[in-house]
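Computed from a predicted structure; not experimentally measured. Naming convention: chains lettered A, B, ... in sequence-line order (proteins, then strands); numbering from 1 in each chain.
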2 protein chains.
Amino acid sequence: MPANLRSTDLPTLQDVAEAAKVSTATVSRCLNNPEQVTARTKKRVMDAVSRLGYSPNFGARALAARRTNTFGAIIPTMDNAIFARGLQAFQKALETEHATMIVASSSYDPDIELDQIRNLVARGADGLFLIGNDHDPEIYEFLSRRNIPTVLAWTISSDPELASVGFNNLEASRTLALEALNLGHQRIGFISAHTAHNDRARDRVRGARKAMEELGLDPEALRLEETNYSIDCGFEAFNRLMAADKEITLVMCGNDVLAVGALQAARHAGIRIPEDVSVTGFDDIELARVVTPALTTVHVPHRQMGRLAAQLLLEERKGETSSRHIVLDTNVVLRESLAPPKFRDKR
Amino acid sequence: MPANLRSTDLPTLQDVAEAAKVSTATVSRCLNNPEQVTARTKKRVMDAVSRLGYSPNFGARALAARRTNTFGAIIPTMDNAIFARGLQAFQKALETEHATMIVASSSYDPDIELDQIRNLVARGADGLFLIGNDHDPEIYEFLSRRNIPTVLAWTISSDPELASVGFNNLEASRTLALEALNLGHQRIGFISAHTAHNDRARDRVRGARKAMEELGLDPEALRLEETNYSIDCGFEAFNRLMAADKEITLVMCGNDVLAVGALQAARHAGIRIPEDVSVTGFDDIELARVVTPALTTVHVPHRQMGRLAAQLLLEERKGETSSRHIVLDTNVVLRESLAPPKFRDKR
DNA sequence: ATTATTAATGTAAGCGCTTACAGTAATCCA
DNA sequence: TGGATTACTGTAAGCGCTTACATTAATAAT
């Protein structure tokens with residue numbers, strides 16, 4: 001170990017350069033543009049690199065190069081698995097170009113989201129992966145002022161400037177609702193995540209209403225319960241729904257987590273699913289097929305979204321401008337929790 | 001916007017200093033040691049900061065200050081929820097000191113883990129949060145050479161040098177096994193995650209064997225199936241187990257995810273749980289109580305581990321040396337999937 | 001062999017911040 | 001009121017890298 005190296009300090013490019021008897025520029029080139037360097041000197045340098053256990057200082061590199069090969073992802077929550085698969089795919093796609101991902105979560109809070117975006121940008125994110133359409137105007141301003149490549153996922157961007165890869169939440173929800181309504185359900189409840197800063201949640205509710213309207217039901221008759229994102233909240237919301245109107249025969253849920261909560265609540269209350277009440281979810285996370293009864297839900301292309309988002313971002317960096325708004329298909333997955341309503345004697 | 005500022009460039013400390021008509025040093029102090037600055041100039045500076053939308057460049061700051069207030073967490077997988085709660089608690093505890101977390105996942109691969117550690121350290125992590133005890137020797141060497149505060153979670157460190165906060169996997173598994181064996185089970189299968197680079201998985205198997213031994217059963221008679229980490233793998237492992245020995249009455253699983261797969265496989269095969277076969281899990285993730293039948297499992301203090309790990313790391317940074325090895329309790333959660341074996345006619 | 005090209009390497013100027021040190025203004029005490 | 005403290009603020013030297021440009025070595029062309 002060189003004498004000028006305290007044991008707690010990492011070796012620097014400088015150290016490598018001295019050890020290999022070349023300039024720092026050459027070492028840098030070996031690492032970043034190896035084709036510009038003779039095989040012989042390259043070997044000398046690489047030997048020194050591994051001998052010293054050198055690894056470039058990220059901050060210094062970002063500072064000098066003004067890019068980081070890092071992309072930031074901000075998801076509303078890490079708590080459940082909805083975004084996990086998408087992120088995994090995003091990361092994997094980045095890896096093919098040796099780019100890396102950093103994740104942050106906003107806890108569904110617009111202020112935190114802005115903070116996190118600032119943070120990731122300060123950390124040098126070359127681009128950003130965001131969920132949904134509904135963001136603080138300040139965020140949009142920030143991103144466009146800084147000219148930061150961004151792609152919105154899980155939605156279709158309403159801003160032509162911002163790339164997106166997602167699906168039509170409204171249509172998907174409408175399709176599922178039509179499927180259910182055609183079975184004969186008339187009294188319908190909907191358990192949704194809070195719709196305030198959440199376009200996806202809103203669209204899913206709207207889709208259900210639209211389906212009702214098309215089939216001649218009053219969309220305003222939909223009983224809506226908004227709640228937080230957890231199984232327990234779904235549990236309670238289901239109970240509130242049934243307490244408010246015991247003749248509901250179909251409870252649609254804005255996502256699978258809430259639906260699982262609803263299933264639990266039903267069992268707890270001795271309500272049979274789907275004999276007494278049908279329940280549907282949305283997302284098709286692993287949970288949906290594992291639960292009893294298995295959940296009828298909307299399958300969402302998590303992985304594809306993650307992968308394509310990474311591609312868009314990487315292309316944008318290369319200056320390629322490809323299709324900026326990718327709309328993917330969803331499909332209804334019929335499982336056990338949805339059935340025709342049983343004729344029930346009105347009290 | 002100052003003329004020297006291209007629209008795509010972030011404002012710098014310099015810009016703020018000019019706008020506030022002070023030196024860069026003063027701006028820096030306002031941000032980092034506000035008590036050293038007069039209220040009047042502080043206000044001038046802060047106004048300029050918000051007017052310009054300034055946010056410090058992370059890389060430059062890390063480079064100059066030689067610390068980042070950032071801690072890295074490396075987990076084996078993001079795919080399921082086992083580590084999510086722990087991480088969330090870790091992050092939350094860091095926030096109280098305005099520190100932040102960056103996450104990476106190793107996919108249970110020691111090589112990737114080393115890469116990720118290098119990466120996080122290059123990114124300036126002031127400390128590291130790792131899962132388990134089983135790491136590449138190179139990792140230990142790297143960490144001690146660099147003097148990087150590290151805490152191992154989900155385990156009890158076998159290296160007195162490295163702090164840890166976890167629980168005794170062997171004892172926890174043994175306790176659960178005793179509970180089950182005392183019900184009368186004799187033929188036992190165990191579905192485990194791969195034990196190769198995974199001390200937790202190994203200890204859980206050993207715990208079961210130990211319990212068998214204590215009760216006079218041959219520990220070698222335990223039928224072990226190792227597999228990957230997923231519901232589907234648990235499904236297949238269960239089938240293999242039952243194909244190999246149809247008189248098994250208890251299938252212990254190294255974690256809840258595998259156990260849920262086992263439950264599915266049983267239902268699929270028409271095996272009733274717990275009447276025909278009992279199944280146990282480990283971890284007590286949300287899934288465990290939601291599944292039918294609800295899973296008997298070992299409750300693990302995810303949140304506490306995350307929180308305490310953050311505390312240890314923060315203390316270490318302040319130079320406080322507190323208890324370096326925290327051992328937490330686990331407890332068996334009895335639910336529906338475990339019952340006494342039914343007397344079965346030996347065909 | 002000599003010159004024109006091209007390829008490989010070196011030199012040095014920053015990137016945006018923090019902080020030791022120096023300098024200046026404000027406050028204290030006799 | 002003058003000198004000694006003390007409290008702020010400024011100056012400037014890096015932190016560890018990348019990269020435009022200059023220089024030197026290798027190769028091609030005449």
Mind calculating the distance between [atom1] ([X]) and [atom2] ([N]) to the nearest angstrom?
{"X": "A/Asn33", "N": "C/dA8", "atom1": "CG", "atom2": "P", "answer": "12 Å"}
{"X": "A/Tyr54", "N": "D/dG16", "atom1": "OH", "atom2": "P", "answer": "10 Å"}
{"X": "B/Leu10", "N": "C/dC15", "atom1": "CG", "atom2": "C1'", "answer": "13 Å"}
{"X": "B/Glu35", "N": "D/dT9", "atom1": "CD", "atom2": "C1'", "answer": "15 Å"}
{"X": "A/Lys21", "N": "C/dT9", "atom1": "NZ", "atom2": "C1'", "answer": "16 Å"}
{"X": "A/Arg123", "N": "C/dC15", "atom1": "CZ", "atom2": "P", "answer": "23 Å"}
{"X": "B/Leu13", "N": "D/dA12", "atom1": "CG", "atom2": "C1'", "answer": "15 Å"}
{"X": "A/Arg67", "N": "D/dC17", "atom1": "CZ", "atom2": "P", "answer": "15 Å"}

Q: To the nearest 0.5 angstrom, please state how far the OG1 atom of A/Thr150 sits from the CG atom of A/Leu312.
A: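 It comes to 11.5 Å.
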Q | Spacing of B/Asn69 atom CG and B/Arg61 atom CZ [to the nearest 0.5 Å] | A |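 So the gap between those two atoms works out to 9.0 Å.
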From the set [options], return the single nucleotide nearest to any side-chain atom of [X].
{"X": "A/Arg61", "options": "C/dC17, C/dT9, D/dT18", "result": "D/dT18"}
{"X": "A/Ala64", "options": "C/dC17, C/dC15, C/dG10", "result": "C/dC15"}
{"X": "A/Arg29", "options": "C/dC15, D/dA20, D/dT11", "result": "D/dA20"}
{"X": "B/Ala60", "options": "C/dC17, D/dC15, D/dA12", "result": "C/dC17"}
{"X": "B/Ala65", "options": "C/dT18, C/dT9, D/dT18", "result": "C/dT18"}

Q.
With a sphere of 6.0 Å drawn around CZ of A/Arg67, does it hold more than 12 non-hydrogen atoms of other residues, nucleotides or ligands?
A.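 Open: at most 12 neighbouring heavy atoms sit under 6.0 Å from CZ of A/Arg67.
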Looking only at side-chain N and O atoms, does [X] come under 4.0 Å of OP1 or OP2 in [N]?
{"X": "B/Asn32", "N": "C/dT18", "value": "yes"}
{"X": "B/Ser23", "N": "D/dG10", "value": "yes"}
{"X": "A/Thr38", "N": "C/dA7", "value": "no"}

Scan [X] against the nucleic acid and name what it touches under 4.0 Å (heavy atoms): base, sugar-phosphate only, or nothing.
{"X": "B/Thr26", "result": "sugar-phosphate"}
{"X": "B/Phe58", "result": "nothing"}
{"X": "A/Ala25", "result": "base"}
{"X": "A/Ser28", "result": "base"}

Q: Using modelled atom types only, decide if a donor and an acceptor are shared between the side chain of A/Arg307 and the backbone of A/Ala89 within a distance under 3.5 Å.
A: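 Pair absent, no side-chain N/O of A/Arg307 close to backbone of A/Ala89.
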Q. Are any side-chain N or O atoms of B/Asn133 and backbone N or O atoms of B/Ile156, one a donor and one an acceptor, separated by less than 3.5 Å?
A.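 Such a contact is found between B/Asn133 side chain and B/Ile156 backbone.
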Q.
For a side chain to side chain contact (heavy atoms under 4.5 Å, CB included) check, start with the C-alpha distance between A/Ile117 and A/Ile148, then their side-chain angles and the critical distance, and finish with the verdict.
A. CA-CA 11 Å; A/Ile117 289 179; A/Ile148 301 187; over 6 Å; no
Q: Could you tell me whether the side chain of B/Arg66 has a donor or acceptor atom within less than 3.5 Å of a complementary atom in the base of D/dG14?
A: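 Absent.
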